[in-house]
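First comes the structure, then the notes that go with it.
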Amino acid sequence: MEFEPIDQFQQRQKKLEEIRALGFAAYPHEFRSTDGPGALVAAYQETPAAELEAARRNVRVAGRIVSYRLMGKAGFAHLQSCGQRIQIYVKLDVAGERAFKLFQLLDLGDHIGVAGHLFRTKTNELSIWVEELFFLSKALLPLPEKWHGLSDVEIRYRQRYLDLVANEKSRQVFLARARITQELRRFFDARGYVEVETPMMHPLAGGAAARPFITHHNTLDMDLYLRIAPELYLKRLVVGGLDRVYEINRNFRNEGISTQHNPEFTMLEFYEAYSNYLDLMDLNEQLFALLARTITGSTTVSYGEHQLDFSKMIRLTMREAICKYWPAEAGPAPAPAELAAPGGPRAIAQRYNEWAGRAGKERAFRKGTPSDGEWTGLLFEAFAEEHLIQPTIIYDFPTEISPLSKQKPEDPALTERFEIFIAGMEIANGFSELNDPAEQERRFLEQIAQGGEEAPKQVDVDYIRALCHGLPPTAGEGVGIDRVTMLLTDSHSIRDVILFPLLRPESPASSPDEKA
RNA sequence: AGGGGCGUAGCUCAGUGGUAGAGCAGCGGCCUUUUAAGCCGAAGGUCGUGGGUUCAAUCCCCACCGCCCCUACCA
C-alpha cells in the first residue's frame, strides 16, 4: 500500500533499499540507549566544553530526526525523544564511510541511534560527537513542516500522531491529562477508595438521562446498550460492602457533538458510604484546588480571558442563582420564596419568557408541560448557568429533575444534590444517594410515565432489589474528566483533550456511489 | 437539524474571469562546527467533488462532501 505524497513515499522506499544494501537491517530489533536527550540536556546544560573534553562522557542515544543539516562531509541533526531533543554531529572521518553513507540517506522523521561522546559546538550547543550510527526505523512519509508545524485541525484530530510529533502544546495537553487521572487515583486511593471496573455494556441504560448507543451480542442474541453512566452498578457495590469505590472510565451518549460534547467521554464516578452531599462539597474544594496546583502550579488558572480561582468555590442554591442572575431588564427579580411556592416557577418562567421573547434571548422552554421543579431547572439553564465562570457549587436541585437523589428532610421538593460549574461548563454532579427502594421505584416509574427518548424504558428491577438489601447513607458524584482537562490546559474544545475525537470517517473523497 | 466560515503543492499560506505562486519539505549539484544553515539547478497541482453561467471558471451561481464556529439537542 502506498500513501500520498506518492513521490516522496517512493523516494524514501528507495532510500530504505539503499540502507539495506549498506548492510543495515531495515527494521532492526533493538538498540540500547544509555540516556535520553532530555536527561542529557538537563544534566549537562551547564557543563563547560573544557570539562566535557577532559572527562569524556560516552553516550548512546536514540530518537527521531527532527532537524537535519548536511554539509558535504559532515552534518548536524537533532534527535527527539519524549519531546526533548539533542543535537548530533556526524563527520565522515570520525563515523566512517559506511555510517556516513547511512547518514546521507536519512530523512526527517527517521529513527536512529548514535554512540559517541558529548561536546560543545562553536556556538556552545551541547551535542553528541557521533562515532557510531545505528539505523532504527524509516519514516516513509514526511513530517509536517518544521517551522509552522501542523495547524490543520482536521489532520490534527484524524492523524493525532502527527499532531503529537509536531505540536509540543498538544503533547503537553495529553501529558497533563495523564497527570490528572494519576492525581485523581492518588487522591482517592489515599482516602481508602477501591478502584473498580463495572460493565460498559448494559442490558438497561440507566443512571442518567441520555439516548444510548445500541449494540448486539450474537451468542446471547440480545441487544445491549453502551453505558450512559456507571452509577447504578457502583451503588450496587456499596450495597456489597465496598464502602468507598470509584471508577474512571468512558460513558457513551448518542447525542450532539460540540466543543463540550463528545459521544464517548470520560467520567470519574465515586461513592462514599456514610457521607452526604455537604461532605462531598468540602471534598471537591480540596480536590479541585489540589488538581489545579498539581497540574498548573497554582490555584489561579488562566482560561481564555478568565482567571479561574480554584482556591475556593462559591456556593449558591439553584433558587438563589436564579434570583441573583435574573436579568435586570426583565423586571424585578423573583424572591426564593416565590420559586418555592406551588406554581411559582411556572409563573416566573412566563414572566421571563415574555421578556426573553422581546429581547431575543434564550427562553426557558421544554416540550410538554413541565413541573415546578422542571421550570426551576429551565430557568437556571436559560440565564444563570452562563454566568458561572468562577468555580461554583449550585445545590438543592428540584426533586423532579433529580431521580436518583435523596430529598431534603425539611423540603421534599428539593434534593441534596449539587453541580459544579466552571467557565460556564457543567463539570460535576453529586448528591446524597436516594437509598429508599420504595421511593426510588416511585421515581423510576414517574420517569417512565413521562416518556421521552432519554427516559429509561423500564425499571431496573435488580437495582431496586439491591437497595432492598440496604444501601447505607451514601454520597456520590460524577466528574467530567475531559472538561476538567480543558480547564487545566486552557483548551476550548473537548476535541483538543481527547486523543481521537469522533469525526465522520474520511470519505474516499470521490466515491461516485456516495449519492443516494 | 438551522446560520456563518473554510477547503489552492506533502506542510504553512498568497493569488486572479484569460491555461497557478512563495517559504519549508522532497530531488540533483557544491559545501567537514551548522542550527529557520547557505548557494546553484530542476521538479512538483483534478485549485475538495459534481453540475451550471461564460468564448473562457481555481475565481461567479447551484448542489454535494469534509472540517471549524455559533445556535438547537445534551439533567
Side-chain angles (χ1 to χ4, degrees), chain A residues 3-12 14-15 49 66-78 85 87-95 100 107-109 119-125 127 129 139 141-158 162 166 207-211 228-229 253-263 265 318 362-363 365-367 373-374 377-378 380-381 385 394 397-398 400-405 415 417 419 426 429 431 447 452-455 478 492-493 495 501 503-512 514-516:
Chain A
F3 295 92
E4 293 288 351
I6 296 287
D7 54 335
Q8 293 196 38
F9 189 87
Q10 291 172 341
Q11 178 65 39
R12 286 169 181 233
K14 208 177 105 197
K15 285 184 180 175
V66 291
S67 80
Y68 179 80
R69 294 172 295 283
L70 179 63
M71 293 161 302
K73 298 188 177 64
F76 290 91
H78 278 94
R85 52 185 62 181
Q87 181 168 262
I88 63 168
Y89 180 50
V90 185
K91 246 159 81 94
L92 170 60
D93 51 14
V94 174
F100 200 76
D107 285 296
L108 288 179
F119 78 109
R120 284 191 182 278
T121 62
K122 265 186 192 167
T123 53
N124 210 38
E125 178 167 349
S127 307
W129 183 274
L141 290 168
L143 245 33
E145 198 230 24
K146 63 178 174 187
W147 190 240
H148 298 94
L150 179 69
S151 60
D152 183 319
V153 289
E154 189 173 347
I155 297 177
R156 288 187 46 226
Y157 297 152
R158 288 193 194 278
L162 293 180
R211 283 151 68 189
I228 56 176
R253 297 187 183 176
N254 202 343
E255 284 162 0
I257 294 177
S258 76
T259 47
Q260 290 172 41
H261 300 83
N262 194 62
F265 61 100
M318 181 176 276
E362 186 188 339
R363 286 154 36 95
F365 176 77
R366 174 175 87 67
K367 282 176 292 196
E374 286 171 306
L378 290 167
F380 172 77
E381 284 165 25
E385 205 173 343
I394 298 292
F397 277 52
E400 286 101 330
I401 58 173
S402 311
L404 298 162
S405 311
T415 57
R417 174 183 172 195
E419 286 190 353
E426 183 190 327
N429 177 20
F431 38 87
Q447 271 187 300
E453 280 192 284
E454 282 115 41
H492 295 257
S493 169
R495 293 182 205 94
L503 300 178
R504 277 200 175 74
E506 239 172 323
S507 70
S510 50
S511 72
E514 280 294 303
K515 290 181 207 148

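Treat the numbers as computed from the prediction; the structure is a model and nothing was measured. Chain naming here is simple, since letters A, B, ... match the order of the sequence lines and numbering starts at 1 in each.
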- Task: If B:rG41 has a Watson-Crick or G-U wobble mate with both distances under 3.5 Å, name it; if not, just say none.
- Result: B:rC27
- Ring geometry between A:Y89 and A:F119 (parallel below 30°, tilted from 30 to 60°, perpendicular above 60°): tilted
- Message: In this structure, how many angstroms lie between the P atom of B:rA1 and the CD1 atom of A:I257, rounded?
- Response: 11 Å
- Pick base, sugar-phosphate or nothing for A:L503, based on heavy-atom distances below 4.0 Å to the nucleic acid. sugar-phosphate
- Could you give the distance separating B:rG45 and B:rA22 at their C1' atoms, to the nearest angstrom? 15 Å
- Message: Suppose we define a pair by two distances each less than 3.5 Å, Watson-Crick or G-U wobble; what does B:rU58 pair with here?
- Response: none
- Between B:rC30 and B:rG44 - C1' atom distance, rounded Å: 23 Å
- Message: Any side-chain N or O of A:S127 below 4.0 angstrom from OP1/OP2 of B:rU34?
- Response: no
- Note on the structure: Nearest-nucleotide check on RNA chain B, A:S67 vs A:Q87; residue mapping nearer the 5' end is A:Q87
- Message: Should the side chain of A:E125 and the base of B:rU34 be counted as holding a donor-acceptor pair, with the cut-off at 3.5 Å?
- Response: no
- Note on the structure: Closest to the side chain of A:D107, out of B:rG26, B:rC67, B:rU33, is B:rG26
- Message: Taking A:F76's backbone N and O only, do any of them form a donor-acceptor pair with A:R69's side chain (distance below 3.5 Å, no angle check)?
- Response: no
- For B:rA75, does OP1 or OP2 lie under 4.0 Å from any side-chain N or O of A:R211? no
- Task: Give the nucleotide from the list B:rU32, B:rC67, B:rU34 with an atom nearest to the side chain of A:Y89.
- Result: B:rU32
- Item | Nearest-angstrom distance, C1' atom, B:rU54 to B:rG66 | 29 Å
- Does a side-chain N or O from A:K15 land closer than 4.0 Å to OP1 or OP2 of B:rC27, or not? yes
Please enumerate all protein N or O atoms sitting under 3.5 Å from an N or O of nucleotides 22-25 of chain B, with distances to 0.1 Å.
from   : atom 1 : to     : atom 2 : distance (Å)
B:rG23 : N2     : A:E145 : OE2    : 3.2
B:rA25 : OP1    : A:K146 : NZ     : 3.3
B:rA25 : N3     : A:Q8   : NE2    : 3.4

- Decide yes or no for A:L404 and A:R417: does some side-chain heavy atom of the first lie under 4.5 Å from some side-chain heavy atom of the second? no
- Task: Check whether any side-chain nitrogen or oxygen of A:S151 sits under 4.0 Å from OP1 or OP2 of B:rC11, and answer yes or no.
- Result: no
- Base-pairing mate for B:rU33 - Watson-Crick or G-U, with both contacts under 3.5 Å: none
- Got a donor-acceptor pair under 3.5 Å from the side chain of A:T121 to the base of B:rU34? yes
- Task: Round to a whole Å and report the spacing from CD of A:E154 to P of B:rU12.
- Result: 11 Å
- Message: Is the shortest side-chain heavy-atom distance between A:F431 and A:T415 below 4.5 Å?
- Response: no
- Establish, with yes or no, whether the OP1 or OP2 oxygen of B:rC69 is under 4.0 angstrom from a side-chain nitrogen or oxygen of A:S493. yes
- Distance below 4.0 Å between A:R495 side-chain N/O and B:rC68 OP1 or OP2: yes
- Message: Which nucleotide, if any, forms a Watson-Crick or G-U wobble pair with B:rC6, using both distances under 3.5 Å?
- Response: B:rG66
- Taking the C1' atom of each, how far is B:rU34 from B:rG38, in whole Å? 10 Å
- Would you mind reading off the distance between A:F365 atom CZ and B:rU71 atom P, rounded to a whole angstrom? 19 Å
- Rounded off to whole Å, could you give me the CG-to-P distance for the A:L150 and B:rG10 pair? 14 Å
- Euclidean distance for C1', B:rC31 against B:rC40 (whole angstrom): 12 Å
- Item | Between P of B:rG7 and OH of A:Y157, the distance in whole Å | 18 Å
- Separation of A:D152 atom CG from B:rC68 atom C1', in whole Å? 10 Å
- Task: Considering only atom C1', compute the distance from B:rC73 to B:rG15 and round it to an integer number of Å.
- Result: 41 Å
- Message: Rounding to an integer number of angstrom, what distance separates B:rC55 and B:rC60 when you compare their C1' atoms?
- Response: 16 Å
- Are A:S493 and A:Y157 side-chain neighbours, meaning at least one heavy-atom pair lies under 4.5 Å? yes
- Determine which nucleotide pairs with B:rA20, using a 3.5 Å limit on both distances of a Watson-Crick or G-U wobble pair. none
- Nearest nucleotide by nearest heavy atom, which residue falls closer to the 5' end of RNA chain B, A:L70 or A:K91? A:K91
- Determine the Euclidean distance between corresponding P atoms of B:rA43 and B:rG7; express it in Å to zero decimal places. 28 Å
- Who does B:rA72 pair with, Watson-Crick or G-U, both distances under 3.5 Å? none
- Task: Select base, sugar-phosphate, or nothing to describe what A:E400 touches, counting heavy atoms under 4.0 Å on all strands.
- Result: nothing
- Side chains of A:H492 and A:T259 in contact at under 4.5 Å (non-hydrogen atoms): no
